[in-house]
Structure formats: C-alpha cells, structure tokens
Amino acid sequence: MIRQFELVERIKAYSPNADEDLINRAYVFAMQAHGSQKRASGDPYFSHPLEVAGILTDMKLDCHSIVTALLHDTVEDTEATLDDIERLFGSEVARLVDGVTKLTQLELQSNATKHAENLRKLVLAMSEDIRVLLVKLSDRLHNMRTLHFVKTPEKRARIALETMEIYAPLAERIGMHQLKDELEDWSFKELNSEARMSLLIRLEYLRASGGALVDRIVAELESVLQGANITVTVSGREKAAYSIWRKMQRKNISFEQLSDLIAFRITVNTVEDCYKALGVLHSRYRMVPGRFKDYISTPKPNNYQSIHTSLIGPERQRIEVQMRTDIMHEVAEYGVAAHWSYKQGSANTDGKQYRWLRELLDVLEHASSPEEFLEHTKLAMYQDQVFVFTPKGDLLNLPRGATPVDLAYAIHSELGNICVGTKVNGRIAPLRTLLKNGDQVEILTSKAQTPSPAWEKFVKTAKAKACIRRYIRNQERHQYIELGKSLLKKAFLEVDYIFTEKAVEGIYKRFRAQSLDDLYAIVGQGDLSASAVIATIFPGSRETEDPAGGSMPSLPDPGQHIPSSQGEKANLPIRGLVPGMAVHYAECCYPLPGDRIVGITMPGKGMDVHTIDCERLEDFNDTPERWVDLSWDTHQGEEFQHVGQIIAIITNEPGSLGMLCTVIGKSGGNINNLRIIARNTDMFEFIIDVQVKDLKHFTNILAALRASPNINSAERARNITLSH
Ligand code: MN
C-alpha cells in the first residue's frame, strides 16, 4: 500500500506547487470513511482508492484529480455525503467526485453490453470533465488488476466483457494507448485465457530462438541513424497479445503468417528529424509496399501522431517501425493526459465528429497554465443527445430535448399511439418532461388512448412528429369517409333509391377519386356535393316532378317542396344551397329576406331553412353536421314574394277587420291567408299570412298595424302550432 508521504512525494515530483494539505486531508478522510471495509482480496478497502490515485500520478495528473481518486468511492460506499466532500474539499473536487459516482451508478443500472456503443457515448456525455473519465478509467484498471480475487466466474466474465467493450474503447478514444492495452490484456486473460497463454508461449519461443534478435536490431538501427547525425532512442517491443489475437481474427491468418510481432519505436527530438530518419531507413533498407503511413501530417482522430513503415530490416527480418517525437510519444502513451505537460501540441486535426478534440487542443494552445487548461477541458461530447434507460435496462439515445413521447415512438409507433403517461426514475411525470442523461423511463399505456394533437408541439424527434400527424390525418379522413357515406345515403333516398356501394363503384374515377373511400372523403369534406354524385349515377332523376307547381308557381308556400336545381326558373334567392337538394322554408319561423338564416338537412327530405333565432334549432344542437350556412341573395330577391306570418289581436268592433286589411293593403302587403284562432266578446286573435318582399317590408306592415286604433297588438308569429 502506498503510504501517505509517498503519494505526496510522487505528486510533488511533477507538480511542485501541489496542495499538499489537501492531499493529506483526503488521504485521512477516505481511510477513515472506508474504515474496516474489505476488498475481495481481503485487503482494506482503502487500498483501492489509494492505488487508483497512484495510477493517476503515473499519468502526472493534477492535484484535484488525485484527491478525487482518493475520495471516488466514499459517496457511493460509505456514510460520507457529497455535502461533506464539498465542505471539506471544495466545490471542484465535489463536482468531480459526483461525476465519478454517477458513472459508477450508471454501471449498476445497465449490465447490457449489447448497448455498448450507447453506453460508451453516455459515459462520454456524462463525463463533462475529462478528469472524471480519467479517474473512472483508472478505477477500472485497478479493478481489472485485482479481478482474480472476485469469486464468482460469471461476475468476473461480466466485468471483463464490460471492460473490453466499454472502457478499453473509451481509453483508446481519448488516446490513452497504454491504459487501453492493459485493460484489454486483463480482459483477454479473463475471457480467453488459453488463447492468451498460447500466444505468450509462442512469443517467448520466438524470443528464445532468435537469441537477442530484438537487441541486435535495436543496436543496428541506432548506429545507422546516429551515423546520419540524428539523436535517437530506439526501442523494440513485442505487440500486446490481444492485438496480435485480434489481427489473427480479423485477417484470418495464422501466427506464423504474422510478420509484425515486434515493433520498433524510434523517438527523436523534432518533426524534421522524423522525416530525416525515415529517409535514412528507406534508402538503407527495402520498404514493404503499402505499409507506409504518415500520421504526422495527418494525425489520427484521437490526435495520435507518428510515421509508420515496414522494412526488410537488419538480418532480413520484416519489421514494423514507428517514428515520432518525444512529445508525440507522450501523447500516444498517455493521450489527453499528456497534454498539460506539453502545451505546444499541434492542433491540425480534422474530422467533424472530433470537433471536441480540436476544441480541446484550442484550449490547450491558449491556456496560460495547466490548471486553466483543465478548467476548460469540459468534454462537450454528445451534448446534442440524451441517453435513457428503459425499465429492462435497454439504453436508447434520443436527441436532446426529447420527451417520454419521443421515447415511446422510438421504441414502437404503436407504443406512442397508446401512451397515456410516464414514470421517470419511478415517479409519475408529465409527458412533456425533458429527458436527462441516465433517466430511467417507463411508458404507461392505455388501449383507449389516442395521440393528442398537442403532443406535436413538444415532441422533438421527426419520427414522433410524423407518427402523430399521420394518426390525426387518418382519424380525420376516417370521419370524412363516414360523413360522406351518410350524405350519399341521404341523397340516394331523396331520389328514392337505396344506396349501394356498387352504384358508386362505377363512377368514383370520374371525380378523380382514387378509391371508394376517397370519394366518400371528398364528399365528406364538402369538396363535392352528394347531389352531383347522384346526378352522375341517375341522370335526369329529379327535375321531373314539381309538387309546388299549380296555381302559384312563382310563390312557394312554406312547407312545400321547392325545386332549386339548375335550369329551374325558381332559383331561390339564397346562397349556400346544396345543388340538387330540396329546400323548404320552415313553418315554425317563416324566414324572410333580411333574417339571418340557416339550413338544416333533413334525412330524406332535403333542407329546411330556419331563422337563426328559431327555437326549433335547439333540436339540432347535437348534430352540427346537419347545419348548412346560408344567406340571402339580395340581388335576386327583388322579384320574389315571401310569406310572413303575423299574429294580431283586434277589438271586437264593427270595422276593425276592415281596417286591418286596409292597413296591410296600403303597406303593399297581400293577404294570403287569414284565420281566427281565438275570440271572445271583446277580442279576435288572427293569424295572417302576408306576401311581402322582405323582412323590412314585413316590419313596416307590423309597425303600421300597431299604429292603428282597434288593433291591440301585432307580432311576428313564432312556432305556432295550428290545430285547424
Ligand atoms: Mn472504485
């Protein structure tokens, strides 16, 4: 176990100004918090955070990272709270510890390596600070180093697989090659120990049979390059067993066919020397075609820089050589962790999805101190996405701003259509809740539910939007089809036919309808009248009979059938009529030009025209689809006579009735009908039907009547039921 003063000395070695007191306090705090807890190995638990801190000192990380490493399991595993950490160690350390704790909790939530890609992204999205990720990776490395102490084989395998699929790629992603190699080797050992052993044995055999081959090649390369006045360090290294194994798998070749089991690394001082060394080697040894790669002029996305080439080298061995500067070497081994030791790193990376790295390097270039660099090294990765768990532990990614409705539609459009509510992290939440990274989201459903048009306003994903729109459009269409069908049925009845689909089938194409339903929908939407369809199916079916004909063809009586089809002279002075549909003035209110009017379709009987204030309209409140908006056509109205109905009370005196008729006559009205509905010794009550031009005319007559002596009252008749 690393002792307290050793840890401080290690940090001081590369960071002389480190806060010694802070480190000491964290050391003591973590040791006391973990108390008598033990690891699977039987060691005190505190040895684990201490080792993790040690790994971070190898990366030369800053003081806050080391303190975070010491404290990283206290919030999750001991009585200590985040508030304690903040109070004792400050807000920055608290933020970092909180970040690591959240990543640990994430691990517990999902053991599903089948969502590895999303889980990797989620880890990156949640590691707002790169130090959080570095502590987490070091934590994992120490757990892998001590994995053999874990007793259950299933648990070991799960952890190893997770390391292989989540953490090693993450280490590679941020350029930590050494860390990645070690994580992979431990996992390989757990998951396929036999393959790893046989590879190690073969490598050992090669080493033994070649004598000091690697050493001899190193010596020769060194002398050749130094002879060209280049200051170099040459080292030879066997490739990691796992990377050989993967190469064998990927290329389907045997161990014997692998030529590059040994890699040589040449480190020089400057980029210039790199190319110089390359020239020397290529002129001295034959190069293997197709193996040359220049990652200096074009660095890898994770900022790896090097020149790679393969040569038929000393002793006619095929060897792989990598050339790089000291700085590039540090970056290659330690990735971003190396950046704050070398501020002058080059920044010419391209590739759009690695913008974060370029930004990181920008910060690096302009930061005046390593501390400032760290301060600004926020991992702004996948900030446009949000990762959430389903109750089964599946991990899905959605665009930032997504809601549970988006999630429901992402899983299945049918799930979206019947979604009624949601639970986020076990609690009922509004459907418009914005999801956060790591949320666990449950969708509540009901078969009776249909998507709400209001959802369209808050959903984020195109899929959810499209599904909601499609559903609503379908619903509307369904309603139009039903309405169109019933309008057609009605229209059939009016001409005394029974509606059959067969009758309509033959003609829908003439109305540019794609199908029968299409035709119904067009009729239902009002773009085509049912009567036009009837006229097409039964040409000339209606105009033959005219029950209003007779003595007064130009004077339609209330309640009588008034043909208004085109070609008839007696076109009613009303706008908004349905062509071909029979129209009646309602007997309850006797509408006159000037009244506001409305049509009510009467199944099988055409349309009644009512005044808008007619009491009978209440009967149709529940069937708004039967209401037709009508208005008078005043230009045509001149030549028409309409019937208005007056209810008048006159005194029972000689000459009273004569006066009534005279007043009406003088006002230009023509009495059409006159009935006594009540009488006693003093009064007569009359109903008088008067032909008038319009409402104004009618009102004038009423006024004249009221002005007359002997006439007690005169009103427009409303909803009078006559019993004659
Ligand atoms: Mn840990």
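The figures that follow rest on heavy atoms only: side chains count, while hydrogens, waters and symmetry mates do not. Since the model is a prediction, treat every value here as computed from it, not as a measurement. Both counts, for ligands and for their atoms, begin at 1 and track the order of listing.
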S.K.: Are a donor atom and an acceptor atom from the side chains of S41 and D43 found within less than 3.5 Å of each other?
M.R.: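 Indeed, the side chains of S41 and D43 share at least one donor-acceptor pair under 3.5 Å.
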S.K.: Please determine whether side-chain hydrogen bond (donor to acceptor under 3.5 Å, both in side chains) holds for the pair N24 and Q4, giving the CA-CA distance in whole Å, both sets of side-chain angles, and the decisive distance to 0.1 Å.
M.R.: CA-CA 7 Å; N24 283 327; Q4 194 169 345; 3.0 Å; yes
S.K.: State whether Y45 and R39 meet the cation-pi test: NZ (Lys) or CZ (Arg) under 6.0 Å from the six-membered ring centroid, and within 45° of the perpendicular axis.
M.R.: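 The answer is yes, since R39 meets both limits relative to Y45.
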S.K.: Sequence neighbours excluded, which residues qualify as side-chain contact (heavy atoms from CB on, under 4.5 Å) partners of P430?
M.R.: R432, T433
S.K.: Using the test salt bridge (Lys or Arg N to Asp or Glu O under 4.0 Å), find all partners of E9 that sit at least two apart in sequence or belong to another chain.
M.R.: none
S.K.: Which N, O or S atoms belonging to the protein are less than 2.8 Å from the Mn ion (ligand 1)?
M.R.: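 H48 NE2, H72 NE2, D73 OD2, D139 OD1, with waters left out.
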S.K.: Can you tell me which residue pairs pass the ring pair (Phe, Tyr, Trp, His ring centres under 6.0 Å) test with a partner in residues 50-106, sequence neighbours excluded?
M.R.: F29-F89, H48-H72
